[in-house]
Amino acid sequence: MKKIVILISGRGSNLEAILQANILKAGQAQVVQVICNRPEALGIDIAKKYQIPVTIIDHTSFSARNLYDEALLEKTLSFAPDLVVLAGYMRILSGPFVSQFFGKLINIHPSLLPSFPGLNTHAAALKTGVKWHGATVHFVTKDLDVGPIIIQGIVPVLPNDTESSLAARVFEVEHQIYPQAIEWYIREQLVLELGNVRVDPARQQFFMLPPTP
Ligand code: GAR
């Protein structure tokens, strides 16, 4: 049984999609803890609904950033996770945290990376006039939103889209691709090669990559 720790800051809709994933129902992995940096986050209630223990580490209660970072690292390590999942966790992780969990730390970002890293991705997509937008699950590295990509989900940008209509469409694919990425990880079907990720064709069951020329 692989142990997963999930970090959240907000609504927790990705947390809920993950908690409903087949890989958890099949008993191959267990979410052992949700850690949240905002005491008022709605995602805390979602964790409780699924009877997942929650640790709240309120970043505003620390006098210095490094003290919060140390507390987060120590608490996360205490669960000895096989995988750390950032599900709408909105703080930049410290270098030591990223190094400690390198290769076991994944994030979902609401754009088709490398387009639109950072915040306000839906507004940026509308402003730029792209016709396709989406979400990306990737391994976390020390630089923001540039780690090896595991899976992407794409949606069209429609003529009358607002930020919220586009966000809603992106959320739908987020809730599909994050459980999928976690399932691949737990089944050890992801192969990291030269900074890229592929789904091991010898072991995957979902789709084959085109043969390399
Ligand atoms: C999601 O759209 C996720 O992609 C984004 O925050 C939202 C969290 O929603 N993450 C980032 O922007 C990370 N840089 P949720 O709390 O409902 O899962």
Side-chain angles (χ1 to χ4, degrees), residues 4-21 24 31 33-50 52 54-59 68-69 72 76 83-95 97-98 101 105-128 130 132-157 161-183 185:
I4 302 174
V5 169
I6 302 185
L7 271 57
I8 63 167
S9 299
R11 194 170 68 125
S13 69
N14 278 288
L15 169 67
E16 182 149 37
I18 293 164
L19 291 172
Q20 292 174 347
L24 300 185
V31 177
Q33 194 77 18
V34 167
I35 300 177
C36 181
N37 67 306
R38 290 180 56 225
E40 72 283 13
L42 296 177
I44 294 169
D45 290 335
I46 290 178
K48 287 183 180 159
K49 186 169 100 183
Y50 288 81
I52 309 295
V54 183
T55 300
I56 298 168
I57 309 177
D58 181 354
H59 65 276
Y68 168 79
D69 289 342
L72 179 68
T76 309
L83 177 65
V84 178
V85 172
L86 308 181
Y89 179 71
M90 300 306 283
R91 287 183 66 80
I92 294 176
L93 293 166
S94 67
F97 191 103
V98 173
F101 295 110
L105 177 60
I106 63 175
N107 180 46
I108 189 158
H109 180 77
S111 78
L112 294 173
L113 291 172
S115 293
F116 315 130
L119 298 174
N120 303 318
T121 58
H122 307 310
L126 290 173
K127 188 171 173 208
T128 313
V130 292
W132 296 93
H133 186 45
T136 303
V137 179
H138 64 95
F139 282 103
V140 176
T141 55
K142 66 180 173 43
D143 297 315
L144 191 66
D145 298 335
V146 297
I149 290 172
I150 299 169
I151 187 171
Q152 292 184 303
I154 62 171
V155 301
V157 181
D161 263 334
T162 60
E163 262 185 72
S164 66
S165 66
L166 185 54
R169 200 172 304 119
V170 172
F171 267 119
E172 280 183 35
V173 293
E174 290 195 32
H175 300 160
Q176 293 167 13
I177 65 175
Y178 220 178
Q180 175 68 89
I182 290 169
E183 187 163 326
Y185 184 92

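All ligand and atom numbering here is 1-based and tracks the order in the structure. Side chains included, hydrogens not; waters and symmetry mates left out as well; all remaining heavy atoms used. Numbers here simply count residues along the sequence, with the first being 1.
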Task: Top protein contact for atom 9 (O) of ligand 1, by heavy-atom distance - done: F171 CE2, 3.4 Å
Task: For S13, the ligand 1 atoms whose distance to one of its heavy atoms is below 4.0 Å - done: 15 (P), 16 (O), 17 (O), 18 (O)
- [ ] Answer yes or no: does atom CD1 of I56 have more than 12 heavy-atom neighbours from other residues, nucleotides or ligands under 6.0 Å?
- [x] yes
- [ ] Pick whichever of E174, R11, H122 has a heavy atom sitting closest to atom 4 (O) of ligand 1.
- [x] E174
- [ ] Return the residue, atom name and 0.1 Å-rounded distance of the protein heavy atom closest to atom 8 (C) of ligand 1.
- [x] G88 CA, 3.6 Å
Task: Shortest protein contact, atom 5 (C) of ligand 1 (heavy atom only) - done: P110 CD, 3.8 Å
TODO: State whether the shortest distance between N or O atoms of N14 and N or O atoms of ligand 1 falls below 3.5 angstrom.
DONE: yes
Open item on the list: Quick one, I52 and Q33 - any side-chain contact, counting heavy atoms below 4.5 Å?
Closed with: no
Task: Check: T121/H109 side-chain N/O donor and acceptor closer than 3.5 Å - done: no
Task: Counterpart residues, side-chain contact (heavy atoms from CB on, under 4.5 Å), relative to V155 (two or more places apart) - done: H133, L166, R169, V170, V173
Open item on the list: Within ligand 1, which atoms have a heavy atom of H109 less than 4.0 Å away?
Closed with: 4 (O), 14 (N)
- [ ] Write down the atom of I46, the atom of G12, and the distance for their closest heavy-atom approach.
- [x] CD1-O, 3.5 Å
Task: Nearest option to atom 16 (O) of ligand 1, as decided by whichever heavy atom of G12, A17, S9 sits closest - done: G12
Open item on the list: Check for me whether M90 has a heavy atom closer than 4.0 Å to any atom of ligand 1.
Closed with: yes
Open item on the list: With a 4.0 Å cut-off on heavy atoms, is I108 in contact with ligand 1?
Closed with: yes
Open item on the list: Which residues pass the side-chain contact (heavy atoms from CB on, under 4.5 Å) test with S115, not counting sequence neighbours?
Closed with: none
Task: Any donor-acceptor pair under 3.5 Å from T136 side chain to Q152 backbone - done: no
